[in-house]
Amino acid sequence: MNSSGKDAVLVTGGAGFIGSHACKALKAAGYLPVTFDNITTGWLDAVKFGPLERGDLNDRARLDQVFAQYQPIAVLHFAALSDVGQSMREPGRYWQNNVGGSLNLLEAMVAAGCRNIVFSSTCATYGEQDGVTLDEDCVQKPINAYGASKRAIEDMLANYEASDGIASVIFRYFNVAGADPEAELGEYHQPETHLIPLVLDAITGKRDALTVFGTDYDTPDGTCIRDYVHVSDLVDAHVAGLRWLLDGKGCRVFNLGTGNGFSVREVIDASRIVTNREVPVIEGPRRAGDCTKLISGSIRAETELGWRPERSTIADMIGDAWRWYQVCNYKE
Ligand code: UDP
């Protein structure tokens, strides 16, 4: 416990899309969320629920300072580059930023005696699995550098558990979507690469059209299928994961998805219905690094963490994203 009278939790990437929602959930659960963020892809305006400590994960001295100042009981580690396409063009940035930054963070945790971490991993670590159910035990075979960087960090966490007793909850996210139901926070990347915000850009004329990346996949309508999960549900799982660690339950991996898949075309159709607007669409080639289909096939998070998605219907996710889109005032 620190001078605020609340237990501090260090939130790397707390100014980003998911990290900022996590800060809101942590505050509501009685913790002090301390954002550690270099504000390269995050937004100052998204840090509303606790202090901001600007810094880069590759700056060990800065990390040490922040650990000493707040003595966090745990780390929620969101900070990462997460653009699949970019990871194929510039893999070095993913190894430097995601893997190198996480290594530095773990070293700083060991030095500070902080031994609990909730880590944001991804279904992209599974890769193409043709008919295999994507549960936590399936062999990870990432096909892009983003997924490879996240799998490497998972391996690193296992090593640090053995050497230094670092306990980790690893969440393998499926596709995170939606926005804070109270429209205080939402998804805004610069440049934007994610499907639903890009659909909204096309709807509002901010972009001429949404390009569908590939229409020749082996799926019923030829477009890729993803399992979308609402960001509010996702961050609720993080609070449960934090409690899991604080209860001493130890290392565990959990998928976070709903088990329902939607194709790119289905997301476009649902967006048309929810917003009652046309979506200008053009069909383009496949994007390098995209898997055909990623759907969670596990209920471990439900059975062991007691997590159940409450708001992850496609209509709620697009509706909340659309509400946020219309009030978003993050500075460019
Ligand atoms: N997608 C698309 N057009 C776009 C952006 C994304 O067709 O402009 C597709 C992409 O190929 C993938 C799905 O939408 O099948 C979700 O992509 P996103 O980048 O949102 O998340 P990812 O699955 O890469 O984590």
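Just the heavy atoms: all of them, side chains too, but no hydrogens, waters or symmetry mates, feed the values below. When a ligand or atom number is given, it counts from 1 through the structure's own listing order.
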**Report entry** Verdict with supporting geometry, D135 and T133, side-chain hydrogen bond (donor to acceptor under 3.5 Å, both in side chains)
**Finding:** CA-CA 6 Å; D135 64 28; T133 301; 6.0 Å; no
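Distance from atom 3 (N) of ligand 1 to its nearest protein heavy atom, with residue and atom name: T211 O, 2.7 Å. Protein heavy atom in closest approach to atom 8 (O) of ligand 1: L198 CD1, 3.3 Å. Nearest protein heavy-atom contact of atom 4 (C) of ligand 1 is F213 CE1, 3.3 Å. Closest to atom 15 (O) of ligand 1 among all protein heavy atoms lies C224 CB, 3.0 Å.
Residue Y228 touches ligand 1 through its side chain alone, judged by heavy-atom distances below 4.0 Å. The side chain of R287, and not its backbone, has at least one atom closer than 4.0 Å to an atom of ligand 1 (non-hydrogen atoms only; side chain from C-beta on). By the criterion of a heavy-atom distance under 4.0 Å, the backbone of T193, and not its side chain, is placed next to ligand 1. Contact annotation: for N175 versus ligand 1, heavy atoms closer than 4.0 Å belong to the side chain alone. For L195, heavy-atom contacts with ligand 1 shorter than 4.0 Å involve the backbone as well as the side chain.
Counting only residues at least two apart or on different chains, the salt bridge (Lys or Arg N to Asp or Glu O under 4.0 Å) pairs with a member in residues 50-69 are E53-R62, R60-D64.
Of the inter-residue distances, the one linking F17 atom CZ with L234 atom CG reads 8.5 Å to the nearest 0.5 angstrom.
Those atoms of ligand 1 that come under 4.0 Å of a heavy atom in V212, given as number and element, are 7 (O). Of all atoms in ligand 1, numbered sequentially from 1 with element shown, those under 4.0 Å from a heavy atom of L210 are 8 (O). Residue V84 approaches ligand 1 through these ligand atoms, each under 4.0 Å from one of its heavy atoms: 24 (O).
Of the candidates R226, E187, H194, R226 brings a heavy atom nearest to atom 12 (C) of ligand 1. One option in I282, V264, L294, V281 has a heavy atom closer to atom 9 (C) of ligand 1 than any other, and that option is V264. With D290, V267, T292 as candidates, the residue nearest to atom 11 (O) of ligand 1 on a non-hydrogen basis is D290.
Residue A29 comes nearest to R243 through the heavy atom pair CB-NH2, 3.6 Å, listed as atom of the first residue, atom of the second, then distance. The heavy-atom pair separating S312 from T258 by the smallest distance is CB-CG2, 3.6 Å.
Of the listed residues (P142, S120, C123), just one forms a side-chain contact (heavy atoms from CB on, under 4.5 Å) with K150, and that residue is S120.
Between H21 and F78, the ring centre distance reaches or exceeds 6.0 Å. Under the 6.0 Å cut-off for aromatic ring centres, W307 and F171 do not qualify, their centroids lying 6.0 Å or more apart.
Think of V274 as one node in a network of Ile, Leu, Val, Met, Phe, Trp and Tyr side chains linked at under 4.5 Å; its network also takes in L195, I196, L198, V199, L200, I203, L210, V212, Y228, F262, V264, V267, I268, V279, V281, I314, M317, I318, W322, Y325.
Under a 4.0 Å N-O distance rule, the pair K249/E304 does not qualify as a salt bridge.
For Y173, the closest heavy-atom approach to ligand 1 does not fall below 4.0 Å.
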